[in-house]
Amino acid sequence: MVTFYRRLPKMGYVKPGSLEEALELLEKNPNGRYRVYAGGTDVIPKLKGRVIQSPEILVDLKGVSDLDHIDFDEQKGLYIGALATVRSVETSPVIKERYPILSQAAGSIASIQVRNRGTITGNICNAVPSADSAPALLCLDARVLLYSKNGGERTVDITDFFKGPGLTVLQPNEILREINISASPENSRSVYIKLSPRSRMDLAVVGVGVLLTKTNGTFRNVRIGLGAVAPTPIRALKAEAMLEGSEVNDDLIINAARTASEESRPIDDHRASAEYRKMMVEVLVKRAIHQCL
Amino acid sequence: MAMKKIKFVLNGETCEWEVKPWRTLLEMLREDFQLTGTKEGCGEGECGSCTVIMGGKTVNSCLVPAVEADGQEILTIEGLAHGENLHPVQEAFVEKAGMQCGFCTPGMIMSAKALLDENPEPSENEIREGIAGNFCRCTGYTKIFESIQAAAEAMKGGK
Ligand SMILES: Cc1cc2nc3c(=O)[nH]c(=O)nc-3n(C[C@H](O)[C@H](O)[C@H](O)COP(=O)(O)OP(=O)(O)OC[C@H]3O[C@@H](n4cnc5c(N)ncnc54)[C@H](O)[C@@H]3O)c2cc1C
Ligand code: FES
Ligand code: FES
């Protein structure tokens, strides 16, 4: 039987004033004594529901200054700080203009209240297969910058970041500092389509992101990101390869969409059957490609 | 475990308080300050009945640790009226019968207020977006849209 507790378990709270201070805490962190959070929109319900082990101390990252940035530079591209909220990414003029797929994906998450609190970083660190920002970040070849104590730093491609449902390559002593996305290819078009029974306040049954450039009638820079149809968000690499460099035509699009569907590995659950999800991947990949042309 | 000292502005008044770190903003408002206008429906961010405005933005107070109120400005449904004078959004909900049982209403009004502060002339679609995180099990929403439209009309000219 599932018992739902309405209250949080007893625990402490700290709000470090710098990233170094937060990393210091995580360095000596036996058995998940400390748990970092940003918006808490994933962590708080899980703690209330006793779905995850309660930490002794919650570490609120919002005390770290200069981490809620959304910076754009023609050369270096876009930097999204770990504390940038889903709402700020959704409404950022530069993201709307340069990376509309990310703005759309962010806007498809939950409600304004949740988007005002939740972060894009929390969305990917939480790593559910249906995380709406993931297909967009996969299409945009995002990289994440992970920090650990004493200047420890590594960059991970988003394609290597997710390891399984709820699992990422983040080590217990690491904090994701920012997400970096290169300036998107000139003239690229992109779209995120989220399928869910309710149009708002619902998780994706299938999420499909497509980014491409049409140059002289051929497909270039094709990216297809899929959510909620595999243990992690994935790219449909075979379908991408079929399109890349080929002349735009309807039969090819139909075949590529079918291939993307074959690449998906969905499960049956209370939201939808695996069979339905596969069929919808085909329909939505086709639709998304057409919308990008 | 140690109580945390916090200082914040609640409906225009500065408060100093001590909270346990595992209590939510919703619990603190209702139980410590007796501000029971803010409701608890689901307790997990789904229903919006606990919506308050923190730092100018709507949040689900059931998902916010109370300690996070520190240094913030918080507005609840109790802070909207000036004495006997209801806020235009409240007025419109009364006028247009934007409520039945009333459980969703405080949260709905906070979302509507935040929407109109940001976008004084919302389209019907923008109103739908603005209150997508507030569930109402009674009205079927039509009267709520009408109330918000009426409030927008009434607030024209910065009233
Ligand atoms: C009602 C409701 C509806 C929702 N609907 C959707 C939806 O439609 N689509 C969707 O994708 N999601 C949805 N979510 C989930 C959630 O809102 C998002 O995943 C959100 O982006 C999480 O961000 P956060 O900052 O709140 O994460 P938090 O809860 O703060 O953290 C999430 C996880 O990431 C870790 N973490 C956070 N920041 C860092 C960091 N910098 N470094 C390392 N680890 C970190 C935390 O330890 C935790 O494990 C919903 C949630 C609720 C409550
Ligand atoms: S009680 Fe907070 S959203 Fe339902
Ligand atoms: S009036 Fe009853 S829930 Fe909205």
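All chains are named by letter (A, B, ...) in the order of the sequence lines, taking the proteins before the strands, and each is independently numbered beginning at 1. In this text, all values refer to a predicted model and were calculated from it rather than measured experimentally.
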Self-check item: Residue selection (most heavy-atom pairs with chain A, distance under 4.5 Å) from B/E46, B/E27, B/M110
Solution: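 Maximum pair count with chain A is reached by B/E27.
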Self-check item: Top contributor to chain A interface from B/V64, B/D70, B/T24, B/L115 [non-hydrogen pairs under 4.5 Å]
Solution: B/V64
Side-chain heavy atoms of [X] within contact of [Y], under 4.5 Å:
X: B/E68; Y: A/K62; answer: yes
X: B/E44; Y: A/K46; answer: no
X: B/F135; Y: A/S111; answer: no

Quiz item: Which atoms of B/K57 come close to chain A, meaning under 4.5 Å heavy atom to heavy atom: side chain ones, backbone ones, both, or neither?
Solution: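 Answer is both: backbone and side chain atoms of B/K57 are under 4.5 Å from chain A.
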Exercise. Can you check whether anything in residues 140-152 of chain B gets within less than 4.5 Å of chain A, heavy-atom wise, and list it by number?
Key: none
Self-check item: Salt-bridge present (B/E31, A/R7; N to O < 4.0 Å)
Solution: yes
Which heavy atom in [X] sits nearest to a heavy atom in [Y], and how many Å separate them?
X: B/A132; Y: A/M201; result: O-CG, 3.2 Å
X: A/Y13; Y: B/P21; result: CB-CB, 3.6 Å
X: B/C62; Y: A/I44; result: O-CG2, 4.2 Å

Quiz prompt | A/R87 vs B/E118, salt bridge (charged side-chain N to carboxylate O under 4.0 Å, His left out): CA-CA, chis, key distance, verdict | solution = CA-CA 13 Å; A/R87 182 75 171 155; B/E118 218 178 86; 3.4 Å; yes
Quiz item: Is a side-chain N or O of A/N116 found less than 3.5 angstrom from the main chain of B/V59, in a donor-acceptor match?
Solution: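 Between the backbone of B/V59 and the side chain of A/N116 there is no qualifying donor-acceptor contact (under 3.5 Å).
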Practice problem: Given salt bridge (charged side-chain N to carboxylate O under 4.0 Å, His left out), test A/R6 with B/E40 step by step and report yes or no. | Solution: CA-CA 10 Å; A/R6 302 191 81 96; B/E40 175 165 33; 3.4 Å; yes
Quiz item: Crowded around B/E13 CD? As in, over 12 foreign heavy atoms under 6.0 Å?
Solution: no
Quiz item: For B/E121, does the CD atom sit with more than 12 other heavy atoms under 6.0 Å from it, leaving out its own atoms?
Solution: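 Atom CD in B/E121 is not packed in, count stays at 12 or less.
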Quiz item: Any luck finding a side-chain donor-acceptor pair between A/Q113 and B/T51 under 3.5 Å?
Solution: yes
Quiz item: How many angstroms lie between CG in B/L63 and CG in A/L47, if you round to the nearest 0.5 Å?
Solution: 11.0 Å
